[in-house]
Amino acid sequence: MTGRNQTIVSEFLLLGLPIESEHQNLFYVLFLAMYVTTILGNLLILVLICLDPHLHTPMYLFLSNLSFSDLCFSSVTMPKLLQNMQSQDPSIPYAGCLTQMYFFLFFGDLESFLLVAMAYDRYVAICFPLHYTAIMGPRLCLSLLVLSWVLTTFHAMLHTLLMARLHFCEDNVIAHFFCDMSALLKLSCSDTRVNELVIFITGGLILVIPFLLIITSYARIVSSTLKVPSARGIHKAFSTCGSHLTVVSLFYGTVIGLYLCPSANNSTVKETVMAMMYTVVTPMLNPFIYSLRNRDMKGALRRVFWRKKTPFSL
């Protein structure tokens with residue numbers, strides 16, 4: 001490590017996606033459509049929850065925060081990716097790279113904690129319906145949200161400060177479409193063992209434990225539903241839990257695989273595809289899985305938009 005050129009790096013070059021030039025425009029349109037869908041879907045949820053009093057409940061409080069997190073999480077990486085696909089200058093300043101890494105970690109962690117809070121909310125609602133209002137009171141909901149935001153702030157700041165202390169040599173090409181933490185560590189000519197140890201320890205707290213809590217919550221939901229033999233109830237529970245767990249597995253599976261269980265056989269292309277799954281696909285799917293297809297949201301759409309179209313109707 002010490003033999004490498006100690007030139008101070010002022011900017012990095014994002015290598016982007018491994019796409020052939022003839023397919024560049026096609027993938028640009030695809031990613032632009034996915035990003036626009038993510039923005040519009042999550043904005044719609046935020047607008048509906050704000051305007052419709054029927055949605056001022058604990059579940060939709062968490063959903064509004066998840067939508068805001070998804071909107072920002074996708075916006076941390078996608079605009080720069082789309083710009084680089086149409087530009088001949090894939091550079092990003094050193095400070096801009098650390099800033100992108102901070103907000104990427106912040107909103108990624110926030111999503112992890114919010115998914116846990118939502119799973120617990122559904123567990124209480126289905127397994128303890130008579131005590132739901134008493135358990136999920138305003139104080140608990142606010143405490144869960146504040147705890148989520150505070151923990152993500154400290155965790156993202158910790159990794160950003162640890163990254164800022166490292167030195168980067170003449171190799172400034174990041175083999176990724178954003179300033180990924182693991183990709184930056186590979187470029188550093190400093191000792192990165194402390195960073196890697198912190199990633200492993202905090203990763204267990206931020207990723208593995210929340211994932212296990214979510215799985216436990218949905219397992220208890222299914223178990224509780226099966227105790228009351230109702231074909232409609234069982235179908236609804238499995239339909240809801242199945243779709244939720246698909247997105248949860250997609251998000252946690254790729255993140256844990258990339259950061260906590262990295263394989264020496266993983267190619268740059270494979271790692272990039274896995275990163276696309278949780279940075280682009282998951283934020284796009286969450287509005288449809290958690291909100292837009294349920295009855296409350298459809299009712300809110302009718303109340304908010306049809307009411308505005310017919311202000312003089314009796």
Side-chain angles (χ1 to χ4, degrees), residues 42 45-46 48-49 54-73 106-155 202-228 233-234 236-253 255-256 278 282-283 285-297:
N42 286 291
I45 291 173
L46 287 172
L48 291 177
I49 293 175
H54 295 85
L55 300 182
H56 294 174
T57 63
M59 181 179 75
Y60 290 103
L61 174 64
F62 295 132
L63 276 173
S64 63
N65 279 262
L66 181 69
S67 293
F68 177 76
S69 176
D70 282 334
L71 192 153
C72 295
F73 188 45
F106 180 88
F107 290 111
D109 293 346
L110 183 60
E111 176 149 347
S112 178
F113 285 118
L114 289 173
L115 289 174
V116 176
M118 291 167 58
Y120 178 71
D121 175 81
R122 292 299 84 203
Y123 163 69
V124 175
I126 295 176
C127 298
F128 305 98
L130 299 180
H131 300 91
Y132 176 78
T133 305
I135 296 174
M136 298 302 297
R139 179 175 295 181
L140 177 60
C141 294
L142 185 60
S143 298
L144 290 174
L145 287 177
V146 171
L147 182 63
S148 298
W149 283 81
V150 170
L151 288 178
T152 54
T153 299
F154 282 110
H155 182 251
T202 59
L205 299 174
I206 300 294
L207 295 173
V208 177
I209 293 178
F211 179 64
L212 293 177
L213 289 174
I214 292 172
I215 296 297
T216 301
S217 296
Y218 283 118
R220 288 182 174 272
I221 289 174
V222 173
S223 176
S224 176
T225 305
L226 292 177
K227 290 178 181 178
V228 182
I234 293 174
K236 183 177 180 180
F238 276 100
S239 175
T240 302
C241 294
S243 58
H244 290 191
L245 286 175
T246 298
V247 176
V248 167
S249 301
L250 184 65
F251 177 77
Y252 283 100
V255 174
I256 292 174
Y278 70 87
T282 302
L285 291 179
N286 278 346
F288 300 97
I289 296 295
Y290 286 101
S291 300
L292 293 180
R293 68 183 197 132
N294 74 38
R295 188 165 47 190
D296 291 338
M297 275 293 175

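Annotation for L205 and I209: closest pair CD2-CD1, 3.8 Å, computed over non-hydrogen atoms. The minimum heavy-atom distance linking V248 with I214 is given by the pair CG1-CG2, 4.0 Å. Residues P283 and N42 approach most closely at O-ND2, 3.5 Å, considering heavy atoms. For the pair L140 and I135, the tightest heavy-atom approach, listed with the atom from each and the gap, is CD2-O, 3.2 Å. For the residue pair L145 and L114, the shortest heavy atom distance occurs at CD2-CD2, 3.7 Å.
Separating the CZ atom in F251 from the CG atom in D70 is a distance of 8.5 Å, to the nearest 0.5 Å. Taking CZ from F62 and CG from D121, the interatomic distance works out to 6.0 Å, rounded to the nearest 0.5 Å. If you take OG on S64 and CG on L46, they are separated by 6.5 Å, rounding to the nearest 0.5 Å. Once rounded to the nearest 0.5 Å, the distance linking CG of L63 with CG of L48 reads 11.5 Å. Rounding to the nearest 0.5 Å gives a distance of 12.0 Å between CG of L66 and CE of M59. Rounding to the nearest 0.5 Å places CZ of R220 at 13.5 Å from CD1 of I215.
Between S217 and R122, the closest side-chain pair of non-hydrogen atoms is not below 4.5 Å. In this structure, the side chains of E111 and N286 come closer than 4.5 Å at one or more pairs of heavy atoms. Counting heavy atoms from C-beta on, the side chains of Y120 and V124 come closer than 4.5 Å. You'll find the side chain of Y278 stays beyond 4.5 Å of the side chain of L250, heavy atoms only. When side chains are defined from C-beta on, V222 does not count as touching Y218, because their heavy atoms never get closer than 4.5 Å. Between H54 and Y60, every side-chain heavy-atom pair lies at or beyond the 4.5 Å cut-off. In this structure the side chain of P210 never reaches within 4.5 angstrom of the side chain of L115, judged on heavy atoms.
Shown here is Y132, whose OH atom has more than 12 heavy atoms of other residues, nucleotides or ligands within 6.0 Å. Surrounding NE2 of H56 are more than 12 heavy atoms belonging to other residues, nucleotides or ligands, all under 6.0 Å away.
Sorted by first then second residue, the side chain to side chain donor-acceptor pair (under 3.5 Å) pairs that include residues 133-149, not counting sequence neighbours, are N65-W149.
Legend: residues meeting ring pair (Phe, Tyr, Trp, His ring centres under 6.0 Å) with Y123, ordered by chain and number and at least two apart, are F128. Residues meeting the ring pair (Phe, Tyr, Trp, His ring centres under 6.0 Å) test with F107, sequence neighbours left out: none.
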Run the side-chain contact (heavy atoms from CB on, under 4.5 Å) check on F211 and L207 step by step: do they pass? CA-CA 6 Å; F211 179 64; L207 295 173; over 6 Å; no

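Under the 3.5 Å distance criterion, the side-chain polar atoms of Y252 are matched with a main-chain donor or acceptor of S112. Side-chain atoms of H155 do not come within 3.5 Å of backbone N or O of F106 as any donor-acceptor pair. Remark: the backbone N or O of I221 is not paired with any side-chain donor or acceptor of S224 at under 3.5 angstrom.
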